Amino acid sequence: MPEEFRLILKKADEPGYTPDIDCYMSHGGYESLKKALAIQPKEIEDGKTKTPQEQIRDEVMTSGLRGRGGAGFSCGLKWSFVDRRSGKPIYLICNADESEPGTFKDRQIIHKDPHQLVEGMIISAFANDVNLAYIYIRGEFPNGAKLLNKALNEAREKGFLGKNILGSGFDLEIHVHRGAGAYICGEETGLIESLEGKRAYPRIKPPFFPAVLGLYMCPTIVNNVETLCAVRHIIEMGGAEYAKLGTPRNTGTRIVSLSGQVKKPGYYEIEVGKVTLGELIFHENFGGGLREGRSLKAVIPGGSSAKVLKAGEKFNMKRPNKDGEMESVEVDMLDIPYDFDSLMAAGTMSGSSAIIVMDDSVDIVDVLANVSAFYAHESCGQCTPCREGSLWMSKALNRLTSGKGRKEDAEYLTHIATNIQGRTICAFGEASSWPVLSFVKKFKDEFEAKGAAVQPAEGEPNKEGAATAAK
Amino acid sequence: MSLNVPQTLEAEIDELITHYPEKRSASVMLLHAIQEHFGYVSKEAIEWIASKLELKPINVYELVTFYPMFRQEPAGKYVVKVCRTLSCALGGSGKLHGHICSKLGLDSRKHGLQTASDGKFSVEFVECLASCGTAPVMMINDDFYEGVSHERADEIMGKCQ
Ligand SMILES: Cc1cc2nc3c(=O)[nH]c(=O)nc-3n(C[C@H](O)[C@H](O)[C@H](O)COP(=O)(O)O)c2cc1C
Ligand code: SF4
Ligand code: FES
């Protein structure tokens, strides 16, 4: 039977569990930090030694941990890219911007168990020779920022932060930095610009890879809240043990945010890949299915930037057969294991692990209009295709939903989206065009039906969009 | 023309600046502190922050116009933010925003911040507040409310004195 597997959120919802340090410590809190700081240099062959920091980084690599913020990039590999020879300070930033629509997992950790994040950060900072770290928290979490500040003060009082932490000779300070309502601050280079006190204009990569040229042009690690919490557990249980959770290339646990038209929306922590998309939506241990009399229409599997899946869609996927050989089998979208690679194989992504469910009561054109309005509002405006295109798409969709649509609008939307993706500074360009491309392709008849309701206006179909966007 | 910043606030601001190796980094935190105290970010406040951080006023002004949470006009005593984004929309946030607007005599087609004539409430239709599983959600100042029915909204707003 598919079940939740709680590792990071194991304590958070226990009755009587509070966000203060005494509660955290009475539940084994900061023991992983003590363990990490007590690691001794280890002799390897040729008389060489591995520093405690290298040993921790090895554990994280062994764990197979992949970033929980969106891209699913290997955490160990990311840490290995850090330029440790530049002589410049190395910074660690926790990405607590949580702004991908549909996502509400970091909120749980920050508000219910902030010390777990702090401990994960201290260990990660130690492992990477970081002496100054920041938590970049979205502006709309004012109480979360207060809780984190309180947690940091408590940790300072206990000697877990500051100079010479627990007599180890390691110094670390962590500060909370608040954002102010802009989604693009979640993109790591936009976040860095924002933390430097500027507009959150993402930087172009190359050359501005944070691992080399990040905060103040110094090597910088940006990790999501949940990723940093996982590090604490990796140290506690060992990388190899952690890697036994989940499935081979998709290890550990993930907190899935489930919302939309299901009976039991909420956050569910699972072993990655051990539960299918369908189970997350329909099983009584998770979403519990749709409302009475409704059938499934569509699912956004990884935050609003992910390509939509249509109910009944089938995919060819490689699966091991009885003899362990890989063979191609047809898989229904509901049977896709919820992990990074399977969703990618289905042409979409697990993104921030946010599932948004839509039943047959929705108007799919309305849904895309809502999604596109978000991107039109949030484009930072640096790149012309994104700044203009996101507005044009939103305009065309508003036209369709208000009965003024045109027959060509479906094609027009695809045309704009195609011209955004791949032509922008940051992945927001893909984030805004993927929903449009996938919704229009998979529900083409509905878009065309809306457009056919009225006669096409005179002139170029895109004139109105262009004119208004330029206003 | 000058801004009257109380000593305690200035001390808090001076402490915030110490969090960063480069002063400029503190600008968004200072804008928050100033807006929390004065209710909005005035031209004088922009100049004050700029001189505090050894920046040009434009360096601060461009943040006020970029980050949606900052405003250049006073708002009501209570700022209500209703989430507009998909999961909340599926949960009825459009109607919730409409209900609150009509209650206050405001135009529900407007998404930006608008303040009721009595000056007590301002309303804004904002993007995802990261609580999509408890749709529809709203915030009033720093407080957060989940699964808000129209009755619940009336009740919560009734308690705002
Ligand atoms: C438009 C955009 C928005 C993003 N928003 C977030 C966010 O809110 N939170 C987050 O952790 N990562 C977000 N990311 C991903 C970050 O850029 C970055 O990859 C992540 O913080 C790295 O952490 P991880 O490796 O631990 O996942 C976003 C990316 C893009 C392109
Ligand atoms: S793609 Fe969009 S959000 Fe990203 S930098 Fe360009 S304009 Fe800004
Ligand atoms: S959609 Fe409303 S909180 Fe996310």
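Only this structure's heavy atoms are used, side chains among them; waters, hydrogens and symmetry mates stay out. Owing to the predicted nature of the structure, the values given are computational and were not obtained by experimental measurement. Here is the naming used below: chain letters follow the sequence lines, and residue numbers restart at 1 for every chain.
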Smallest separation among heavy atoms of [X] and [Y], with atom names:
| X | Y | result |
| --- | --- | --- |
| A:G102 | B:C128 | N-SG, 3.9 Å |
| B:P68 | A:G181 | CG-O, 3.2 Å |
| A:G179 | B:M69 | O-SD, 4.4 Å |
| B:P21 | A:Y216 | CG-CE1, 3.4 Å |
| B:F66 | A:A200 | CE2-N, 3.4 Å |

Quick one: which of [options] has the most heavy-atom pairs under 4.5 Å with chain A, could you say?
| options | value |
| --- | --- |
| B:S87, B:G94, B:G91 | B:S87 |
| B:E127, B:K23, B:K81, B:M139 | B:E127 |
| B:L86, B:T134, B:V28, B:V126 | B:L86 |

What do you reckon, is [atom1] of [X] surrounded by more than 12 foreign heavy atoms closer than 6.0 Å?
| X | atom1 | result |
| --- | --- | --- |
| A:H377 | NE2 | no |
| B:Q7 | CD | no |
| B:D107 | CG | yes |
| A:R291 | CZ | yes |
| B:K120 | NZ | yes |

* To do: Answer yes or no: is there an ion pair linking A:R178 with B:E36, defined by an N-O contact shorter than 4.0 Å?
  =>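 Counted as a salt bridge, because a side-chain N and a carboxylate O are separated by less than 4.0 Å.
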
* Asked: Taking only heavy atoms into account, what residues of residues 140-161 of chain B are found under 4.5 Å from chain A?
  ->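 Listed by number: B:D142, B:D143, B:F144.
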
* By number, which residues in residues 48-65 of chain B have some heavy atom less than 4.5 Å away from chain A? -> B:E62, B:L63, B:T65

* Asked: Does the side chain of A:E196 come within less than 4.5 Å of B:E22's, by heavy atoms?
  -> no

* Report yes if the side chains of B:R24 and A:K198 come closer than 4.5 Å at any heavy-atom pair, otherwise no. =>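 Counting from C-beta outward, B:R24 and A:K198 do come under 4.5 Å.
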
* To do: Check the pair A:I356 / B:L90 against side chain to side chain contact (heavy atoms under 4.5 Å, CB included), numbers first and verdict last.
  => CA-CA 10 Å; A:I356 307 172; B:L90 294 172; 4.2 Å; yes

* Is it the side chain or the backbone of B:H32 that comes within 4.5 Å of chain A heavy atoms, both, or neither? -> side chain

Under 4.5 Å from any heavy atom of chain B, what part of [X] do you find: side chain, backbone, both or neither?
| X | value |
| --- | --- |
| A:V362 | side chain |
| A:S304 | neither |
| A:C185 | side chain |
| A:V357 | backbone |
| A:E173 | neither |
| A:L215 | neither |

Heavy-atom pairs under 4.5 Å with chain B, option from [options] with the top count:
| options | result |
| --- | --- |
| A:K264, A:E140, A:R199 | A:R199 |
| A:R107, A:H177, A:Q108 | A:R107 |
| A:Q261, A:R138, A:K146 | A:R138 |

* Asked: So B:Y67 and A:S194, side chain to side chain contact (heavy atoms under 4.5 Å, CB included) or not? Walk me through it.
  -> CA-CA 10 Å; B:Y67 292 96; A:S194 177; 3.0 Å; yes

* Please answer whether the main-chain N or O of A:A373 pairs with a side-chain N or O of B:R84 as donor and acceptor at a distance below 3.5 Å. =>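 Not confirmed, B:R84 side chain does not pair with A:A373 backbone.
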
* **Spatial distance of atom OG (B:S93) from atom CG (A:N370) [nearest 0.5 Å]** => 7.5 Å

* Asked: Does the side chain to side chain contact (heavy atoms under 4.5 Å, CB included) test come out yes or no for B:T85 and A:Y183, once each step is laid out?
  -> CA-CA 12 Å; B:T85 317; A:Y183 166 68; over 6 Å; no

* Give me the ring orientation class for A:Y134 and B:Y20: parallel if the planes are under 30° apart, tilted from 30 to 60°, perpendicular past 60°. => parallel

